[in-house]
Each structure stands twice: as structure tokens, then as C-alpha cells.
There are 2 protein chains.
Amino acid sequence: MRYSNLELVDRVDAFPNAATHPIAFAERTADYARFTYLSHTIGYIIPLVRAALDDRALSGDWWELTPNTVSLKGDTVEERTANMAETTKRWREAKRFDILSGWRNEQYTVYAPQGKPCFHMERSATPLFGVLTYGSHMTVYVPASPTRPLRIWVPRRAAGKSTYPSMLDNTVAGGMGDGATPLATIIKEAGEEASLPAAYVAENVRAAGFVSYFYVRGAEAGGEAGLLQPEIEYVYDMAVGEPDAEGPVPVPCDGEVAEHMLLTVPEVREQLALGNFKPNCAAVMLDFFVRHGFLDAENEPDIVEIYTRLHRRLEFPTR
Amino acid sequence: MRYSNLELVDRVDAFPNAATHPIAFAERTADYARFTYLSHTIGYIIPLVRAALDDRALSGDWWELTPNTVSLKGDTVEERTANMAETTKRWREAKRFDILSGWRNEQYTVYAPQGKPCFHMERSATPLFGVLTYGSHMTVYVPASPTRPLRIWVPRRAAGKSTYPSMLDNTVAGGMGDGATPLATIIKEAGEEASLPAAYVAENVRAAGFVSYFYVRGAEAGGEAGLLQPEIEYVYDMAVGEPDAEGPVPVPCDGEVAEHMLLTVPEVREQLALGNFKPNCAAVMLDFFVRHGFLDAENEPDIVEIYTRLHRRLEFPTR
């Protein structure tokens, strides 16, 4: 199978949009509970997870449950965080969800309106609650010169990784934990994943917006299939020199990356079409191509749907 | 009054989004008719316009009217185009709508699903039907050098223009008529508005996506206030040299532009904050600032809402 650019978007933005597809949205969410804080929707709970919450012997009494809504008890960020932590700890100990076997010991923040923290929770448990998570992705590229076309540094994930093994990735990418900023995240990850010095990255990186989408996890993501993962990934570009001149060369250093390759845009597009990129990294590549003029209204008939879906306005409060 | 960046977005994207604000959307559209083609929504008809359509002596018998929907009779693009033309011609002759005093004699295309034309219609009448229209906007800028910061060529609209007189604009911008492409539109407008040679623009312009939003026209737009104007504006960047070196200088040539100024980013931001930019041109400037790293998650707390609303997924079929 070969994927069109729109089909690459379908892989990462797979949840129906209430504004453009109200019937599909209503059907899809008919048996979901809304995860609410005050009257705001902060996530969606699928029946598999709702069943665990209804099992009070397992999940404790930290939840307000109605037929269509779920909310976390607690009057403060600290209380809600503690109640969520106790629930996920019990689920992990009971081996209730496969996804928790990938426990990260990293805290992610879920937001209330006006960008205030609502609570913090274990990263690996976020897809169980369909809450919005954040990350940063950087594309390191060698700009076009009179003699050579633009090329992009593309890593291949290690074969031993539990998620998306051996797939192609963005040059640097990582999730944004509690207390980090998008820029601090990308600088830290650039050191860990590609051995790029923090001072060099801070000097040369350029913010370029974000992609946002509503991902539905498949088996290749690890854990239960069908879990919901709305995401905002802040995107950064960094132009560097030729590797045979003064340019830095990304070097794997934490065992997560097998190799870094320097690929032309046609080479990246071929790997995208073959489905070899991790789905959300494909989204970041498409966004790069639009911003840099490689994909436009003249050569991509689906550009409006592609680019609006990659900047999806999600229905949840954000940071 | 000073406008925040989010308030600048509010000025251009003023129609409630059904996905994120379902109650506001339902209230706003409660007395609107949907303009439909087969079962698809291709626009919204406000009561002011619906009243004219209900007046068959005025508007003829070219319309299928139900309490909540309006559709244009005709089995072919040509028939629907002719029926729309006859309706708008009668309204113009009867002076039924002020907005038609700005009659352009330019045809815009309204699309059916799969990017097929549904019909063509007079440009100035499109806001009466709330249909999606298209244009192209180009930001011509002098990139930063070791000694000088990035600067943007900003035109001031002529004082005598009927719409947005004396306001600031994008370097080049224009609506996309029937049969044109986004790139052809910007090349043509660059000659007409800024005296930039077509061959030079074709060589140096770079596509950079689009902005999309749902505008509600105020009095300053000309014609009736409250008319609906969802738009997709394809955006282009063109880097040029210093005007005191080899760089081209935009020169007004069609009387629409009073002058072109070369402004730094802080100067443009000040004019934005003062509300001196035409609303949709402010949107294009904000998009430029995000793509070029001047607005990011570290310095703009509202960046997620700003950038997703500027790439709004509209509920209408597109080209």
C-alpha cells in the first residue's frame, strides 16, 4: 500500500470532528463518557476504561461517576493529582491495562480553562483518559544551496523499541513533562537523542508553530488498541551546515535511535508514502513541507483538508 | 484600544465553532437557513437575505425553499450559475442590498464535494449567501542580515477606497476568480498592486500554506453589517534584497495603494495592536510571525487558540 498525504493525515487524526462531521462524531462518542472538570470536557473515556472505573473495589472512591460523565474528586490540584495517582497505581499493580506496562515515571499536566493546571498524572496512563498531551518535534535540515537540494536529518528508531520499532522519526522529538516548556523540551531531547549541544541548539533553533490532531492508538503504539490521544506537538526547525563542512551531525546516544540519515525531500516523501514514518512524525514532515513551499495548492489537491486537520482546534482546555 | 494577538483573531474569525462552542453555534444559527447542495452545507443564509428569497416577485422561482434550508434550482453548473446570476441581477437592479453597489463583474466559484464546481457567481454577492471564497496574500520581506533585522513591505490602502480606506495591508493580496489558481492570482496581483514583474515573482515566491477563518463583516467592510464571509487565503512569502542594494521596491500602480513602507517586526506588531491592519491581513501577519519564529509558545500564551483558529477547518466543500 502507498499512502497519499491525506491518508497520512487520516492515520494521525482519526477521531471525527464535531464541526465538520457531526453525525460521525455523535455515533463515535455515543457510548463514551466525557471526562469533565467543572463543566469542561478534558478528555473522553472509552467503555473499556469506564468499566474499570465502575469497579470500585479496584479503582477506589476517587471518582464522581454519572452515566455520561466522569470527574476526579478533589478540591485542589494536589488532591486531584493524588487521587489520579492512586487509581493508576492500583491499575498498574493489578495489571488491569497493558499500556501501563510501559510505565514511565514521568508526570504530564492536564489543564483546566485559562491554562491553569487541573492535575498531574503518569504519562503512560494519559491515553486511558483521552486527555490532551504535549510534545516538541524538531526538523534539522541542510538548506538548499546552488549545487545541492535541501536535505533533512531523519533518524530510524531502534529495532528494540517497544513502540514503533525501526520506524522513521523526526530529527529530535519528545514528550513535554510537568513544568517543562516546549523550547526546554526540544533542547533537552536534542542532547539526549542526537548529541546536539544545548548551547548550539538554543542559538540556532527556530520555533515554527505546532501540529495538533486527535490520534487513535493502534496496536503498533503499544498497549490496548483504540485508546484516544489528542496531541499538540510544538514544531521547531533548525537549519545546519553540510555535514562535510562545518555542520553538526546528529549522533545517537541513548539507544533509542539506530541511525541518522540525511534525506532529500523526494526521499522523505517516498518513505512517507511507504508508511515508514511514525504517524505523528509524518504529520510534522507534512507541516514542514507546507511551510517550506514543497506542498502547495498547485501540487496537492487536498492541501486545505491536510493543513487544517494538522492544526485541529481541539475541544479541551489547553496550557 | 489596543488589541492582543488573540483579539486580532477574534476580529477575523468571529463565527462560533460547532466543535468547541456547540451552544454558541446552535444559538447563532437558530434563525439561519443552511444553503445546501444535495445534503451538503455550502453556506449560511441570514434572515435579511432569506426575506429577499421569500419574496418571489423579486427573486424569481429559481430557489427551493424549506423553513431551514435554501437550495438553488438547476441540474448543471450552467443552470445553477444562470439562476444565481438572474437573482443577483434583480437584487442589484432593485437596489435590494447595499453590498451590491460594489458590483465587481468578477465571477467566483462555489464548490460541491470532491472539489467540483457547483456554480459561479458575482463576487460582491458572495457574502449574502455566506459561501466560502478564496484569495492569495503575499508577504514580501527583507530577511535579517548580520547588521539589520528582518523587515516587511507594508502598503497603506488608498484613502479613497470604499473598503477599509487607509488601513494597512499585506504586500500583495487579491481575490481568486473563476478559473484562476492561487499562484496565478498572486503573480497577477503583484504586477497590478506593486509593479512587481511576473517573471521575478514566479522565480522568487514561495508558497507557505494558507489561513482560513470565518469572518463576519462589519460596517467598515462596506455593505450590510453582519454578512458572513468564510475565507481561505493562500499565503506566499517572498524574500527580497535591501531596497538600497539590488532588491525590488513595490510601487503603487493601480490607485488602490497610497504607499509602501518597509517596517520592522516590532513596528508591524505596534500597528497590529493599534488595529490599523485590515482584519484578514492581520491574520496573515500573525501566521507569518508564527512560521518565522517571532510568535511562539514561550512568548504568546494564546498561540494554540490563535494558530488553530487561523487554520480553521470550515464545514463547507472546498476547491
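To find a chain, count down the sequence lines: A is the first, B the second, and so on, and within it residues start at 1.
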Could you tell me whether the side chain of [Y] reaches within less than 4.5 Å of the side chain of [X], counting heavy atoms only?
X: A:T126; Y: A:Q229; result: no
X: A:R123; Y: A:T133; result: no
X: B:E7; Y: B:D10; result: yes
X: B:V110; Y: B:L132; result: no
X: B:N280; Y: B:E231; result: yes
X: A:N5; Y: A:R269; result: yes

| Plane angle bin for B:F294 and B:F288 - parallel if under 30°, tilted between 30 and 60°, otherwise perpendicular |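 B:F288 vs B:F294 ring planes: parallel.
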
| How are the rings of B:F15 and B:Y32 set relative to one another: parallel (under 30°), tilted (30 to 60°) or perpendicular (over 60°)? | parallel

Measure distances from [X] to the heavy atoms of chain A and classify the residue's part below 4.5 Å as side chain, backbone, both or neither.
X: B:Y236; answer: side chain
X: B:S212; answer: side chain
X: B:R291; answer: both
X: B:H292; answer: both
X: B:I232; answer: side chain

| Looking at A:P182, A:A18, A:G209, which has the largest count of heavy-atom pairs under 4.5 Å with chain B? |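 Most heavy-atom pairs under 4.5 Å with chain B: A:P182.
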
| remark: chain B shares the most heavy-atom pairs under 4.5 Å, among A:P22, A:A184, A:A19, with A:A19

| Under 6.0 Å from the six-membered ring centre of A:Y3 and within 45° of its axis: does the NZ or CZ of A:R11 meet both? | yes

Non-hydrogen atoms of chain B under 4.5 Å away: do they reach the side chain of [X], the backbone, both or neither?
X: A:R313; value: both
X: A:T318; value: side chain
X: A:F210; value: both

| Could you name the residues of residues 296-310 of chain A that have a heavy atom within less than 4.5 Å of a heavy atom in chain B? |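 The stretch touches chain B at A:D296, A:A297, A:E298, A:P301, A:I303, A:V304, A:E305, A:Y307, A:T308, A:R309.
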
| said: Are B:F316 and B:Y44 an aromatic pair, judged by ring center distance below 6.0 Å? | reply: yes

| said: Would you say the rings of B:F129 and B:F119 are close, in the sense that their centroids are separated by under 6.0 Å? | reply: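 Ring centroids of B:F119 and B:F129 are no less than 6.0 Å from each other.
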
